[in-house]
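Everything numeric in this text was worked out from a predicted model, so none of it was measured. Ligands are counted one by one from 1 in listed order, and the atoms in each one are counted from 1 as well.
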Amino acid sequence: MLEALKERVYKANMLLPKYNLITFTWGNVSEIDPETGYFAIKPSGVEYDELKPEDMVIMDLDGNKIEGKYNPSSDTLTHIEIYKGMPDVRGIVHTHSPWATSWAQAGRGIPCYGTTHADYMYGEIPCVRNLTKEEIEEAYEKNTGVLIVEHFKDTEYMAMPAVLCKNHGTFTWGKDAHDAVHNAVVLEEVAKMAAQTEWLNKDVEPAPQELQDKHYYRKHGANAYYGQGK
Ligand SMILES: [Zn+2]
């Protein structure tokens, strides 16, 4: 079932090693089918060079496995919370990509220092707090998702399609799995540049708001004019 979805999610997962966003199997991509409410996600712990489209696991939003011979990614419950709480999200990526995860380990959001960042992500990329001991012991993966959804409540979350989880790693999202991977690549590049920017100038300030606005809104929203038109 949902063969085209599984193929897309497989291909999106295979982009993670291609773009050097993951080491070993530390990452996963999913995409939801809005018709059925089912989503396809990478299986847990299968090596990327052995992965096949048919290995993708089909799940529902209650955490039931609908189809698949493997167990789903261990981060599946986080994906479920994000899909339930942020309904415009159609694809999700989790990685421990090293530059972005360095900011997460430092417990810092990534300020917008330039237009590369502003083109894709509006404002500072947030770093959400650690879960409490109780939250970790009760339901670690689910509560990670609950925390992300809570942070983005009442915000334009498609304008900030990335989050850092303190001492852990990254989640990005998009209008499908491929778009979410694209945002994961942007996040890693922006994280690298921001770190290098601070090394070169420890007193650096975020880019002027008018410049951030110009770059974000020329690519997004009702008056976008970047590219070849739609
Ligand atoms: Zn992780």
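Using a 4.0 Å cut-off between charged nitrogen and carboxylate oxygen, Lys84 and Glu81 count as a salt-bridge pair.
Annotation for Gly27 and Leu16: closest pair C-CD1, 4.1 Å, computed over non-hydrogen atoms.
For Tyr120 and Tyr216, the distance between ring centers is not under 6.0 angstrom.
With waters neither drawn nor counted, the protein N/O/S atoms under 2.8 Å from the Zn ion (ligand 1) amount to 3.
Between the side chain of Lys65 and the backbone N or O of Tyr70 there is at least one donor-acceptor pair closer than 3.5 Å.
Donor-acceptor pairing under 3.5 Å is recorded for the side chains of Thr170 and Thr95.
In this structure, His79 and Phe39 have parallel ring planes: the angle between them is below the 30° cut-off, well short of the 60° mark.
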